[in-house]
Chemist: 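Before I ask anything, let me first share the structure, which is written out below as structure tokens.
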Amino acid sequence: MAAEKSRVLVVGGTGFVGRRVVAASLAEGHPTYVLMRPEIGLDLEKLQMLLSFKAQGARLLEASLDDHRSLVAAVRQVDVVVSAMSGVHFRSHNIMLQLKLVEAIKEAGNVKRFVPSEFGTDPSRMGHALEPGRVTFDEKMVIRRAIEEADIPHTYVSANCFAAYFCPNLCQMKTLLPPKDRVGVYGDGHVKVFFVDENDVGTYTIKSVDDPRTLNKTVYIRAQDNCLTQNELIEKWEKLTGKSLEKFHIPADDFLASMKDLDFAHQVGIGHYYHIFYEGCLTNFDIGENGAEATQLYPEVHYTRMDEYLKRYL
Ligand code: NDP
Ligand code: GFR
């Protein structure tokens, strides 16, 4: 008899990551619950998305992060909570709101696994991060400390670079679309980076929630075929389009100096990109004992290769 699938609550379920976690939870056959916040008010798209989840079999749980009792009541109905609270600064960033969720999970006492909103660079390895981008990692570490102080069983997901943000644009900032004639290369373009299809992030996250091998561990998504330098990514695009792009190289100093002309959200981004594409922060370490690697844990998942992912942009 197959073990009962745990009941999964997604907080931030209409977000970019959240909606993919909801889809993966439904696809994996978990009883799936999505937080429906009264604050969404007249946000028609959010409501439409929540109703579409309901039509696919999810249950909507009405609760607000500002109403502790409602949050405790929601958490008490499930076994697993996955948070996909916003964190990309030019969208919105509310990572710290999760402290209220941690409090509710602590009081409810029934949650078998909590996955906080991370899904990027491992914040525990970014103590040296540049200002102001370090705020992303510092905030995520505050949430980790609260989780661990409350002794809440957890899994952290370090997903590396989402394809949607980093691949079609060949890692250019301020655009999500391929360059037409020329592309800026960070340094010599030879730093290795792990890319991931954001849909696979949802799949691996849900695969990990009932897995004893990932209890109180960090799951890194390091798909070997998606471990690419910026140069390799550019080559893939040039092969697909049959057109070569003019490359111009951006020295690290010039890249960092450009921060002064940008707004806060983009200063944050510059810092993240510097650590990823000049320092190699995603690939300059072994994941070690307290880590696990998703494609090794779940070889049955046919993750999307970046060649395939890029085809939709032709
Ligand atoms: P979104 O910007 O899509 O927001 C997610 C959800 O946050 C929203 O749908 C909303 O939930 C909730 N939220 C936002 N503001 C509030 C608020 N004031 N009160 C309550 N809830 C709020 O988030 P992303 O999916 O872009 O980011 C999720 C995580 O993924 C972050 O940790 C981010 O750092 C990371 N990330 C990593 C990337 C990578 O390349 N590695 C790329 C992008 C994100 P609701 O649905 O209830 O309205
Ligand atoms: C890769 O790890 C992370 C990525 C992370 O740990 C936290 C946040 C991110 C953000 C990136 C940098 O802030 O997700 C996508 C990207 C957001 C971003 C994209 C910021 C500024 C940009 O100009 C941009 O252009 C595509």
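Residues take their numbers from the sequence shown, with the count starting at 1. Order of appearance sets the numbers: ligands from 1, and atoms from 1 within every ligand.
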Chemist: Are Val17 and Tyr298 connected, step by step, through hydrophobic side chains (Ile, Leu, Val, Met, Phe, Trp, Tyr) whose heavy atoms are closer than 4.5 Å?
Modeler: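 Yes: a chain of side-chain contacts under 4.5 Å links Val17 to Tyr298.
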
Chemist: Tell me whether ligand 1 is touched by Met36 - counting only heavy atoms on the residue side and a distance under 4.0 Å.
Modeler: no

Chemist: So which bit of Met85 gets within less than 4.0 Å of ligand 1, heavy atoms only: side chain, backbone, both or neither?
Modeler: both

Chemist: Nearest protein heavy-atom contact for atom 27 (O) of ligand 1: which residue, which atom, what distance?
Modeler: Gly87 N, 3.8 Å

Chemist: Give me the residue, atom name and distance of the protein heavy atom closest to atom 23 (O) of ligand 1.
Modeler: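 Minimum-distance protein heavy atom for atom 23 (O) of ligand 1 reads Ser86 CA, 3.3 Å.
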
Chemist: Can you confirm whether or not the ring centre of His272 sits under 6.0 Å from the ring centre of Phe137?
Modeler: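 Ring centroids of His272 and Phe137 are less than 6.0 Å from each other.
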
Chemist: Can you check whether Gly18 has an N/O within less than 3.5 Å of an N/O in ligand 1?
Modeler: no

Chemist: With a 4.5 Å heavy-atom cut-off, do Phe195 and Cys227 have their side chains touching?
Modeler: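 When only atoms from C-beta onward are counted, Cys227 and Phe195 do not touch, as no gap falls below 4.5 Å.
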
Chemist: Which residue holds the protein heavy atom closest to atom 20 (C) of ligand 2, what is that atom called, and what is the gap in Å?
Modeler: Phe90 CE2, 3.6 Å

Chemist: Could you tell me how the ring of Tyr165 sits relative to the ring of Phe162: parallel (under 30°), tilted (30 to 60°) or perpendicular (over 60°)?
Modeler: tilted

Chemist: At under 4.0 Å between heavy atoms, is it the side chain or the backbone of Leu65 that contacts ligand 1, or both, or neither?
Modeler: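 The side chain, only.
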
Chemist: For ligand 2, which atoms have a heavy atom of Asn169 less than 4.0 angstrom away?
Modeler: 26 (C)

Chemist: With respect to Val201, which candidate in Thr205, Thr203, Asp197 satisfies the side-chain contact (heavy atoms from CB on, under 4.5 Å) definition?
Modeler: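 Exactly one candidate clears the test, Thr205.
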
Chemist: Do His275 and Tyr273 have ring centroids that are under 6.0 Å from one another?
Modeler: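 Aromatic pair excluded; centres sit 6.0 Å or further apart.
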
Chemist: I'd like the name of whichever of Leu176, Val268, Val88, Thr136 reaches closest to atom 7 (C) of ligand 2 through any heavy atom.
Modeler: Thr136

Chemist: Any chance you could measure Lys106, atom NZ, to Ile147, atom CD1, to the nearest 0.5 Å?
Modeler: 12.5 Å

Chemist: For ligand 2, which part of Glu118 has a heavy atom less than 4.0 Å away: the side chain, the backbone, both, or neither?
Modeler: neither

Chemist: Run the numbers for me: atoms of ligand 2, each under 4.0 Å from some heavy atom of Phe166, listed by number.
Modeler: 11 (C), 15 (C), 16 (C)

Chemist: Are Thr304 and Asn199 side-chain neighbours, meaning at least one heavy-atom pair lies under 4.5 Å?
Modeler: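 Answer no - side chains too far apart.
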
Chemist: Can Arg19 and Glu198 be counted as an ion pair, charged N to O under 4.0 angstrom?
Modeler: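 Between Glu198 and Arg19 there is no salt bridge, as every charged N stays at least 4.0 Å from the carboxylate O atoms.
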
Chemist: Mind checking whether Tyr165 contacts ligand 1 via backbone (N, CA, C, O), side chain (CB onward), both or neither, at a 4.0 Å heavy-atom cut-off?
Modeler: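 Looking at Tyr165 and ligand 1, just side chain atoms fall under 4.0 Å.
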
Chemist: Is Val88 close to His93 at the side-chain level, that is, under 4.5 Å between some pair of heavy atoms?
Modeler: no

Chemist: Closer than 4.0 Å to some heavy atom of Gly15 - which atoms of ligand 1 meet that?
Modeler: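 Matching atoms, with element in brackets: 3 (O), 5 (C), 9 (O), 46 (O).
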
Chemist: Quick one: does Ala84 get a heavy atom under 4.0 Å from ligand 1?
Modeler: yes

Chemist: Is the closest N or O pair between Thr175 and ligand 2 shorter than 3.5 Å?
Modeler: no

Chemist: From atom 48 (O) of ligand 1, work out which of Lys46, Met49, His272 has a heavy atom at the shortest distance.
Modeler: Lys46

Chemist: Report the residues that fulfil ring-ring contact (aromatic ring centres under 6.0 Å, His included) with Tyr313, sequence neighbours left out, ordered by chain and then residue number.
Modeler: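 Result, ring-ring contact (aromatic ring centres under 6.0 Å, His included) vs Tyr313: none returned.
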
Chemist: Ignoring angles and geometry beyond distance, decide whether Lys174 reaches within less than 3.5 Å of ligand 2 through its nitrogen or oxygen atoms.
Modeler: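 Among all N and O atoms of Lys174, at least one is under 3.5 Å from an N or O of ligand 2.
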
Chemist: Kindly confirm or rule out a cation-pi arrangement of Arg182 over Phe248, judged by NZ or CZ under 6.0 Å from the six-membered ring centre and within 45° of its axis?
Modeler: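 Because its charged atom sits under 6.0 Å from the ring centre and within 45° of the axis, Arg182 does stack over Phe248.
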
Chemist: How far is atom 25 (O) of ligand 1 from its nearest protein heavy atom, and which residue and atom is that?
Modeler: Val17 N, 2.9 Å

Chemist: For Ile276, state whether at least one heavy atom is located under 4.0 Å from any atom of ligand 2.
Modeler: yes

Chemist: Where is the nearest protein heavy atom to atom 37 (C) of ligand 1: which residue, which atom, and how far?
Modeler: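 Answer, as residue, atom name and distance: Phe119 O, 3.6 Å.
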
Chemist: As an exercise, identify every atom of ligand 1 less than 4.0 angstrom from a heavy atom of Asn160.
Modeler: 39 (C), 40 (O), 41 (N)

Chemist: Which one of Arg91, Glu118, Lys100 has a non-hydrogen atom at the shortest distance from atom 3 (O) of ligand 1?
Modeler: Arg91

Chemist: Closest non-hydrogen protein atom to atom 32 (O) of ligand 1, residue and atom name please, with distance?
Modeler: Ser117 OG, 2.9 Å

Chemist: At under 4.0 Å between heavy atoms, which part of Leu97 makes contact with ligand 1: side chain, backbone, both or neither?
Modeler: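 Near ligand 1, Leu97 shows its side chain, while the N, CA, C and O stay back.
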
Chemist: Who's the nearest protein heavy-atom neighbour of atom 40 (O) of ligand 1, and how far?
Modeler: Phe162 N, 2.9 Å

Chemist: At the 4.0 Å heavy-atom cut-off, does Ile95 count as touching ligand 1?
Modeler: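 Contact check Ile95 vs ligand 1: positive.
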
Chemist: So, Gln230 versus His190: side-chain donor-acceptor pair below 3.5 Å or not?
Modeler: no

Chemist: With heavy atoms under 4.0 Å as the rule, classify the contact between Asn94 and ligand 1 as side chain, backbone, both or neither.
Modeler: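 Near ligand 1, Asn94 shows its side chain, while the N, CA, C and O stay back.
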
Chemist: Give the atoms of ligand 2, by number and element, whose distance to some non-hydrogen atom of Met173 is under 4.0 Å.
Modeler: 21 (C), 22 (C), 23 (O), 25 (O)

Chemist: Can you tell me if Ser208 and Thr214 form a side-chain donor-acceptor pair at under 3.5 Å?
Modeler: no

Chemist: Taking the six-membered ring for Trp, are Tyr274 and Phe255 closer than 6.0 Å centroid to centroid?
Modeler: no

Chemist: For ligand 2 and His272, I'd like to know whether there is a polar contact (N/O to N/O, distance under 3.5 Å).
Modeler: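 It does: an N or O of His272 is found under 3.5 Å from an N or O of ligand 2.
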
Chemist: Among protein heavy atoms, which lies nearest atom 47 (O) of ligand 1, and at what distance?
Modeler: Arg37 NE, 2.9 Å

Chemist: Using a 4.0 Å heavy-atom cut-off, say whether Asp43 meets ligand 1 through its side chain, its backbone, both or neither.
Modeler: neither

Chemist: Just by distance, no angles: are the side chains of Ser244 and Glu238 close enough, under 3.5 Å, to form a donor-acceptor pair?
Modeler: no

Chemist: Mind checking whether Val88 has an N or O less than 3.5 Å away from an N or O of ligand 1?
Modeler: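 No, Val88 has no N/O under 3.5 Å of an N/O on ligand 1.
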
Chemist: Please determine, by modelled atom types, if Glu279 and His128 share a side-chain donor-acceptor pair under 3.5 angstrom.
Modeler: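 Looking only at side-chain atoms, His128 and Glu279 do form a donor-acceptor pair, the distance falling under 3.5 Å.
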
Chemist: Less than 6.0 angstrom from the centroid, inside 45 degrees of the normal: does Arg312 satisfy that with respect to the ring of Tyr309?
Modeler: yes

Chemist: With no hydrogens and no angle check, just 3.5 Å: does a side-chain donor-acceptor pair link Tyr220 and Asp122?
Modeler: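 Side chains of Tyr220 and Asp122: pair found under 3.5 Å.
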
Chemist: Hey, are His249 and Asp188 close enough side-chain-wise for a donor-acceptor pair under 3.5 Å?
Modeler: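 The answer is no; no qualifying pair exists.
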
Chemist: For Asn160, take its heavy atoms, then give the atoms of ligand 2 lying under 4.0 Å from any of them.
Modeler: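 Heavy-atom distances to Asn160 below 4.0 Å select 1 (C).
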
Chemist: Near Tyr273, which atoms of ligand 2 are under 4.0 Å from a heavy atom of that residue?
Modeler: 12 (C), 19 (C), 24 (C), 25 (O), 26 (C)

Chemist: Please confirm whether Gln172 comes within less than 3.5 Å of ligand 2 when only nitrogen or oxygen atoms on both sides are compared.
Modeler: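 Among all N and O atoms of Gln172, none is under 3.5 Å from an N or O of ligand 2.
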
Chemist: Look at atom 34 (O) of ligand 1 and say which protein heavy atom is nearest, naming residue and atom and giving the distance to 0.1 Å.
Modeler: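 Of the protein heavy atoms, Lys140 NZ, 2.9 Å lies nearest.
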
